[in-house]
Every structure is written in C-alpha cells, then in structure tokens.
Colleague: 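Got a structure here, written out as structure tokens. Questions coming.
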There are 2 protein chains.
Amino acid sequence: MAPLSLASLALQQHRLIHDIYVLLDDGDRRVLAITRLTPLEFAVLQRLDLEEGRRLTDIGAELLCVKSTITRLVDRLEASGLVQRTPDPDDRRAQRLLLTSEGYALCTKASALHNAAVERRMGLLEPTEQEILALLLEKLRTNLHRDLSDNA
Amino acid sequence: MAPLSLASLALQQHRLIHDIYVLLDDGDRRVLAITRLTPLEFAVLQRLDLEEGRRLTDIGAELLCVKSTITRLVDRLEASGLVQRTPDPDDRRAQRLLLTSEGYALCTKASALHNAAVERRMGLLEPTEQEILALLLEKLRTNLHRDLSDNA
DNA sequence: TATACTTACTTGCACTTGCAACTATTGCAC
DNA sequence: GTGCAATAGTTGCAAGTGCAAGTAAGTATA
C-alpha cells in the first residue's frame with residue numbers, strides 16, 4: 001500500500017467529517033430555530049433536564065467552551081425565563097442552575113423536534129451500517145481524546 | 001430490533017460526529033495558529049492554490065458561508081499580502097482572486113503542517129478501519145446532501 | 001492565623017460571522 | 001432598446017465567542 005494513498009485517505013476522511021458536521025449543524029440550527037434556541041443553548045438545557053442544579057463551570061467543561069461563554073449564555077437563558085441561577089449552599093462562589101417550568105417545557109419540545117430530525121437524517125444509513133459507523137467513530141473519538149491529552 | 005435502540009443509536013452517532021468534529025477542529029486551529037491562519041482562511045488559500053482566479057461568490061458557495069464573510073476574509077488576506085483582487089475581464093461586477101508569492105508560500109507551509117497533523121490523527125485507526133469509515137461517511141454525506149436539497 | 005494559591009464566575013475587549021440593505025452590473029423579456 | 005429581475009460584491013449592524021484581567025471565596029501551607 002503506497003504512502004500516498006494512505007495520506008489522501010486520511011485527508012478525505014477529515015474532509016468528510018467536516019462536511020457532514022456542517023450539514024448536520026445546519027440542520028440542527030434550522031430545527032432549533034423553531035424554538036429560538038441555538039445548538040449550544042439547547043445543549044445547556046438538555047444537560048439541566050438530565051441533571052438539575054449543575055454549576056456553570058461543569059457545563060462549560062462538558063461543552064468544551066470557556067467559562068465566559070457559559071456566563072453570557074446563561075444570562076440570555078435567564079432573561080428569557082428558561083433557567084434560574086441559585087446560590088450553591090456549599091460554595092458561595094458557585095451558582096446552581098435550575099430549569100424553570102418554561103425551560104423544561106421548551107427543552108421537551110426542542111428535544112422532540114431535534115431527536116426526530118436526527119433519527120431521520122442518521123436513518124439515511126442502514127441499521128447495520130449505523131452500528132459499524134458508531135463503533136468506528138467511538139474508537140476514533142477515544143483515540144483523538146487521548147491524542148489531545150498527550151499533546152496538550 | 002426495538003425502535004428505542006435505533007433511536008439512541010442515531011443520537012449516539014450524531015453526538016460522536018459532533019465530538020469528533022470539535023476535537024479535529026481544535027487540532028486544526030492549533031496547527032494553523034503557527035501560520036496565523038484560521039481554518040477558513042486556510043481553506044480559501046487552498047482553493048486558490050488548486051485553481052487560481054476564482055471569484056469570491058464561488059468560494060463562498062463551496063465553503064457554505066455568506067458572501068460578506070468572504071468579502072471580509074479576503075480583506076484580511078489582502079491586507080496581509082497573501083492574495084490579490086483583480087477585476088474580472090468578462091464581468092465588471094466580479095473580482096478574481098490571485099495568490100501572491102507570499103500567499104503561495106504560506107499555503108504550502110500550512111498544507112504541510114495541516115496534512116501531517118491530519119494523517120497522524122486519522123492514523124489512529126487501522127488502514128482497514130479507515131477504508132470502511134470513509135465508505136460509510138461518503139454514503140452519509142451524499143444522503144445528507146440530497147436530504148438537504150429535498151427539504152430546503 | 002497569615003499568606004499564597006486555586007477556583008467560580010463576571011466583565012471588557014476584540015474578532016468573526018450572518019443578515020439585511022445597498023450599489024453596480026448583467027441578462028432576460030417584451 | 002427599455003424596464004425589471006437576478007447576480008457580484010460591499011457595508012452597517014447585531015450576535016456569539018474566546019482571551020485576559022478582575023472579584024470574591026475557598027484551600028493549603030507555614
């Protein structure tokens with residue numbers, strides 16, 4: 001196997017992942033626009049729906065964005081009445097985030113829309129293909145993550 | 001096969017692609033930072049390296065961003081002496097883009113760095129796995145693209 | 001206890017991007 | 001040819017994000 005063919009295969013895959021991400025993200029934005037949420041705002045609401053009372057820093061770390069981004073994103077969500085900051089009883093520096101009932105309702109609606117869209121789009125592959133793809137992607141993610149830790 | 005398992009498989013894959021994209025993009029930014037280029041600026045230079053004299057609108061369409069983004073990105077590249085706008089002889093509305101020698105040199109350097117990094121990171125999978133992954137991603141991209149055209 | 005270091009969050013600033021409005025030019029229909 | 005729609009590109013504006021610096025509070029060390 002010639003080195004060149006390997007090289008272009010790697011570049012080709014990188015390009016494919018990039019293109020697919022752009023297409024998926026574009027679809028996500030369209031679907032979520034119905035709820036007036038950006039993908040990142042939706043991600044925060046989802047995290048809170050899964051586990052209430054989380055701290056801003058934790059969510060930021062999970063979503064790979066800096067703290068100030070979360071601060072201002074939560075400012076927006078709070079101004080829209082979707083979440084509420086409450087002081088952490090154990091640490092007076094920290095803020096715990098709670099979903100309001102409006103926030104919960106919107107998150108439920110957004111999740112339904114989003115999940116349906118994702119299922120439809122990922123369903124463009126056969127179930128068997130999906131399973132193989134998931135396995136390979138899982139391995140790639142794990143290795144990339146380790147690679148990042150090693151080289152950071 | 002229960003519907004629920006399929007649903008979560010789709011969501012899982014969507015998440016995997018998102019996470020992998022974020023990791024790859026982060027790596028790209030780090031590598032390209034050496035050349036003071038953003039991934040998008042690099043993409044424009046690459047397009048020009050491949051085929052000189054392209055028009056702004058064409059490049060924007062290829063990179064899926066609006067015209068004004070390209071206008072200002074090219075403003076920056078031109079200010080840095082990397083590209084040059086020249087009037088289109090056939091259409092007085094249009095501008096043709098040319099790489100300067102500095103632009104060519106920087107693009108060559110950035111490509112070398114970028115390609116090496118991509119090969120290393122995608123090389124975290126076995127060659128066989130890479131081939132299967134490329135096949136599945138290719139199919140997914142094609143189907144997503146058609147899906148977008150149908151539903152837009 | 002005092003001092004220094006870390007952590008949680010916020011704020012100021014700069015940068016990039018999308019959207020909408022605008023100008024100039026082209027091309028099509030009549 | 002005249003008028004009208006489409007196209008190429010630019011500009012003003014608003015929004016979102018990262019970085020760096022700042023504040024307040026917790027933690028560790030002497």
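Predicted, not measured: the structure shown is a model, and the values here were computed from it. Each chain gets a letter, A, B and so on, in the order its sequence line appears, and its residues count up from 1.
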Colleague: Judged by each residue's nearest nucleotide on DNA chain D, which is more toward the 5′ side, A:D90 or A:K67?
Modeller: A:K67
Colleague: Does the side chain of A:R72 get closer than 4.0 angstrom to OP1 or OP2 of C:dT11 through an N or O atom?
Modeller: no
Colleague: Without decimals, in angstroms, what is the distance between B:E78 CD and D:dG9 P?
Modeller: 13 Å
Colleague: Answer with yes or no whether A:R29 presents, from its side chain, a donor or acceptor under 3.5 Å of a partner atom in the base of D:dG16.
Modeller: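 Absent.
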Colleague: Let me know the distance between CG of B:D91 and P of C:dG27, rounded to the nearest Å.
Modeller: 7 Å
Colleague: Distance alone, cut at 3.5 Å: any donor-acceptor contact between the side chains of B:D28 and A:H18?
Modeller: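 Per modelled atom types, B:D28 and A:H18 side chains form no pair under 3.5 Å.
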Colleague: Between CD1 of B:I132 and CG of B:L125, what distance do you get to the nearest 0.5 Å?
Modeller: 10.0 Å
Colleague: Provide, to the nearest angstrom, the distance between the CG atom belonging to A:D88 and the C1' atom belonging to C:dA8.
Modeller: 10 Å
Colleague: Within residues 41-66 of chain B, find the residues that approach DNA chain D with a heavy atom at under 4.0 Å, and present them sorted by residue number.
Modeller: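 Output list: B:R55, B:L56, B:T57.
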Colleague: Rounded to whole angstroms, how far apart are CZ on B:R76 and C1' on C:dA14?
Modeller: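 Nearest whole value for this atom pair: 12 Å.
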Colleague: Expressed as a whole number of angstroms, how long is the span from B:I70:CD1 to C:dT17:P?
Modeller: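 Between P of C:dT17 and CD1 of B:I70: 8 Å.
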Colleague: Measure from CD on B:Q95 to P on C:dT25 and round the result to the nearest Å.
Modeller: 12 Å
Colleague: Around atom OH of B:Y104, are there more than 12 heavy atoms of other residues, nucleotides or ligands at under 6.0 Å?
Modeller: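 No - once you tally the heavy atoms of other residues, nucleotides and ligands closer than 6.0 Å, there are 12 at most.
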Colleague: Output yes when at least one side-chain N/O atom of B:T71 is less than 4.0 Å from OP1 or OP2 of D:dG9, else no.
Modeller: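 It does not, given that no N or O in the side chain of B:T71 lies less than 4.0 Å from OP1 or OP2 of D:dG9.
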Colleague: Given that B:R93 and B:L40 both sit by DNA chain C, which one's nearest nucleotide is further toward the 5' end?
Modeller: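 Whichever sits nearer the 5' end wins; that is B:L40.
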Colleague: Can you say whether a donor on the side chain of A:S68 sits under 3.5 Å from an acceptor on the base of C:dC9, or the other way round?
Modeller: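 By the distance-only test, no, there is no pair.
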Colleague: Before giving the answer on side chain to side chain contact (heavy atoms under 4.5 Å, CB included), spell out for B:L40 and B:T69 the whole-Å C-alpha distance, their side-chain angles and the decisive distance to 0.1 Å.
Modeller: CA-CA 10 Å; B:L40 194 55; B:T69 299; 4.1 Å; yes
Colleague: I need the CZ-P distance between A:R36 and D:dA14, as an integer number of Å.
Modeller: 17 Å
Colleague: Choosing from C:dC9, D:dG16, D:dT10, which nucleotide comes nearest the side chain of B:R85?
Modeller: D:dT10
Colleague: Taking for each residue the nucleotide of DNA chain D with the nearest heavy atom, is it A:T38 or B:A94 whose nucleotide lies nearer the 5' end?
Modeller: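 First, find each residue's nearest nucleotide; the 5'-ward one identifies B:A94.
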Colleague: Run the side-chain donor-acceptor check on residues 48-57 of chain B: report pairs under 3.5 Å with partners two or more places apart or on a different chain.
Modeller:
{"from": "B:E52", "atom 1": "OE2", "to": "B:L99", "atom 2": "N", "distance (Å)": "2.9"}
{"from": "B:R54", "atom 1": "NH1", "to": "B:E62", "atom 2": "OE1", "distance (Å)": "3.1"}
{"from": "B:R54", "atom 1": "NH2", "to": "B:E62", "atom 2": "OE1", "distance (Å)": "2.9"}

Colleague: As a quick check of understanding, evaluate salt bridge (charged side-chain N to carboxylate O under 4.0 Å, His left out) for B:R85 and B:D75, giving each step before the final call.
Modeller: CA-CA 9 Å; B:R85 284 176 169 94; B:D75 287 346; 2.9 Å; yes
Colleague: With a cut-off of 6.0 Å (strictly less than), are more than 12 heavy atoms of other residues, nucleotides or ligands near CZ of A:R76?
Modeller: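 Buried by this count: over 12 neighbours within 6.0 Å.
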Colleague: Quick one: B:L77 CG to C:dT16 P, roughly how many Å, whole number?
Modeller: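 These atoms are roughly 10 Å apart.
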